[in-house]
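The structure under discussion is supplied below as structure tokens; questions concerning it will follow.
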Amino acid sequence: MTPSVASGNPGGDRQDNDMNLFTELRTVVTEAIAAMQAAGELPEGLDLANVAVEPPRDAAHGDMATNAAMVLAKPAGLPPRKIADTLAARLAADPRIAAAEVAGPGFLNLRLKANVWQRLVGAVLSQQGEFGRSAMGQGQKVNVEFVSANPTGPMHVGHTRGAVVGDALAKLLAFAGYDVTREYYINDGGAQVDVLARSAYERYREANGQEPQIAEGLYPGDYLIPVGQALKDLYGDSLLDQPERVWLADLREFATEKMMEMIREDLAALNVEMDVYSSEKALYGTGKIEAALQRLRDMDLIYEGVLEPPKGKTPEDWEPREQTLFRSTLHGDDVDRPVMKSDGSWTYFAPDIAYHFDKVERGFDQLIDIFGADHGGYVKRMKAAVAALSNGRVPLDVKLVNLVKLFKNGEPFKMSKRAGTFVTLRDVVDQVGPDVTRFVMLTRKNDAPLDFDFDKVLEQSKDNPVFYVQYANARINSVLRKATEAGVPVDDLTLAATDFADLTHEAELALIRKLAEWPRLVEIAARNNEAHRVAFYLYELASDFHGLWNRGNDEVSLRFLQDDTATSQAKIGLARATGVVISNGLGILGVTPVEEMR
RNA sequence: GCACCCAUAGCUCAGCUGGAUAGAGCGUUGCCCUCCGAAGGCAAAGGUCGCACGUUCGAAUCGUGCUGGGUGCACCA
């Protein structure tokens, strides 16, 4: 029973067998357990949730291992070895299983018949881009909010990592059967856009031949110079020497729009496309903030009160103040959080509550926010708000993206021509390209710091994962070209129909096993909301492929192109299947596979 | 003072729903290219998974308490 895939899969139907060997074998195991229950060998009503079928870490233990006997021993009141022995006998009868052996404290190691592996190559070739796609998400609506950089300048490296992490996660979740929306929250409602307007005004004065006065606190970057010029084109000299109240609102609007244009271009340079841009400013005056807070008030979660001063490090100017507070402590936060300042204006938190409420009301089943690591302190209150506003229905997962440390020639690299004070996304992408940028940004867990060395990421060597994976794909394409030149038909239809019984060597089977892991890896990565696992998997897959290639140096029988056409097709089919999975994986990372290394 | 994140080989890091003898790359050491697939390959050494208790048949993984590092802590966003 394969549920229909909800999104991003217009083809809809697939084969009944989804070729996730791990779930397939787990079914075999659970059916055997059911048969044992029917035969009175095991009691009824056992919880099978913890029964796992996994690849053993040590290949010597077989192709698959299950912990079923150990998990069931206690509830069944039977010794694990006894359960394992009976289960082994039943499993050995399955046509897919060559051997079932009991090992250790009660592990059951399964060895699969070679044709199970060989069939998988054909399945990859016929399913192509669909191989590994999962129905796990069941079409649930997930909102991934990421980047959300303030519209006050170009995107910097930190945003870049957040953009890549968010976009790759969105692609991963879509592949795992979720209905994904990518969203950008524009912080255009706070004091920082006033600062932007004032900064733009100075550039406007500059465009009119005056000396700009970039005071402390204003944005000094060169990127505002064209904005000043554009303002001159629009207003001529009419705003010169005018007080701020005359121009502030207009310039804020104008400059914010320009900054968002720039940010959209930055995102485009990285091949990131948002589905929705939400504006903070647009929440004001619509009653949305009030409505969200009213909802909290109805739950008695809003009150007027005075917070305790923070312990240990009291700010110099601290004084007791009555504020409107959100009782976030009821939902796991450490202290209650102000939503309204003492002067009656909203804090940043208030529109953010309204924004997240809006996401809940739009019917998302799951929310994911990608924040910079410096926003870690914001996580609990945001989760508290979402929990309260959705009555606990909608989980919010917050992914904190850690720092990117830049290096050039082994030296820390901090300067940017364009922005003056920080390294921009463009500084990176213009130099190494979007593909390398994206891959490298995914070679660490999101919460670990990342070193990015401009030289190393372009290096053509084994310790550069980007190159190593791309090189594998290039070699595969090279084999296909050579086969075609040699007159061997290697189109996908032909290869998919090939008999792969010739693939019996351990190095070939090892590569197939790695391919078989792909559907499982997609689900694990999606369950954890962690796209970096795909990058690590691809490196391992490439490593297995290169390993097979290298063995071909010594053992001619392991080369892909053989004298015999049918044998060539089987071996090239394996190479091509590897290429399919590499392409699928790179697709999730948003990286274009290269056909040729230059 | 509190909260969050992190701690795994000399270095940089993976490690799935708890699973068997904890992995990779770099570095180190030793082998391997007249040529046929070397922008390399094979192999070895290298570990108190920060520490201590606990839960469990089983803990790098879960819990508690420590230690060390990072981040953040009322009218900033």
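All chains are named by letter (A, B, ...) in the order of the sequence lines, taking the proteins before the strands, and each is independently numbered beginning at 1. These values consider heavy atoms only, across backbone and side chains, with no hydrogens, waters or symmetry-generated copies.
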message: Quiz question: by atom type and distance under 3.5 Å, do the side chains of A:E596 and A:S478 form a donor-acceptor pair?
response: no
- line: From CG of A:L72 across to C1' of B:U56 the rounded distance in Å is 16 Å
query: Are OP1 or OP2 of B:C76 and a side-chain N or O of A:K341 less than 4.0 angstrom apart?
result: yes
field: Ring-base stacking, A:H61 with B:A20 (5.5 Å, 30° cut-offs)
entry: yes
message: Over all strands shown, is A:R444 touching base, sugar-phosphate only, or nothing at heavy-atom distances under 4.0 angstrom?
response: sugar-phosphate
- prompt: Hey, is A:R252 close enough to A:D194 for a salt bridge, meaning N to O under 4.0 Å?
  reply: yes
- prompt: Across the strands shown, which category fits A:F349 at heavy-atom distances under 4.0 angstrom: base, sugar-phosphate, nothing?
  reply: nothing
message: Under 4.0 Å, heavy atoms only, any strand: does A:A52 hit a base, just the sugar-phosphate, or nothing?
response: nothing
query: Side chains of A:S345 and A:D343: is there a donor and an acceptor less than 3.5 Å apart?
result: yes
- prompt: When the C1' atoms of B:G50 and B:A9 are considered, how many whole Å apart are they?
  reply: 15 Å
task: Spell out yes or no: do the side chain of A:R520 and the base of B:C16 have one donor N/O and one acceptor N/O closer than 3.5 Å?
output: yes
task: Calculate the interatomic distance between A:M382 atom CE and B:G72 atom C1'; express it in whole Å.
output: 17 Å
- prompt: Between B:G69 and B:G46, how far is it from one P atom to the other, in whole Å?
  reply: 31 Å
- request: Syn or anti for B:C35, please, going by whether the chi angle lies within 90° of 0.
  value: anti
message: Using whole Å, what does the distance between atom P of nucleotide B:C57 and atom CG of A:N50 come to?
response: 13 Å
field: hbond_proxy A:N109 side chain to B:A20 base (donor-acceptor, 3.5 Å cutoff)
entry: yes
- prompt: If you measure only the distance, is there a donor-acceptor pair under 3.5 Å linking the side chains of A:Q562 and A:S568?
  reply: no
field: Test item: side-chain donor near acceptor, A:E253 and A:T256, under 3.5 Å
entry: no
query: Within this structure, what is the CG-to-C1' distance between A:D447 and B:G69, rounded to whole angstrom?
result: 15 Å
- prompt: Does the side-chain ring of A:Y539 sit on the six-membered ring of the B:A24 base, less than 5.5 Å centre to centre and under 30° in tilt?
  reply: no
field: Watson-Crick/G-U partner (both atom distances under 3.5 Å) of B:C4
entry: B:G70
statement: Of the candidates B:A77, B:A20, B:C57, the side chain of A:A65 sits closest to B:A20
Euclidean distance, atom CG of residue A:D334 to atom C1' of B:U71 [Å, nearest integer]: 14 Å
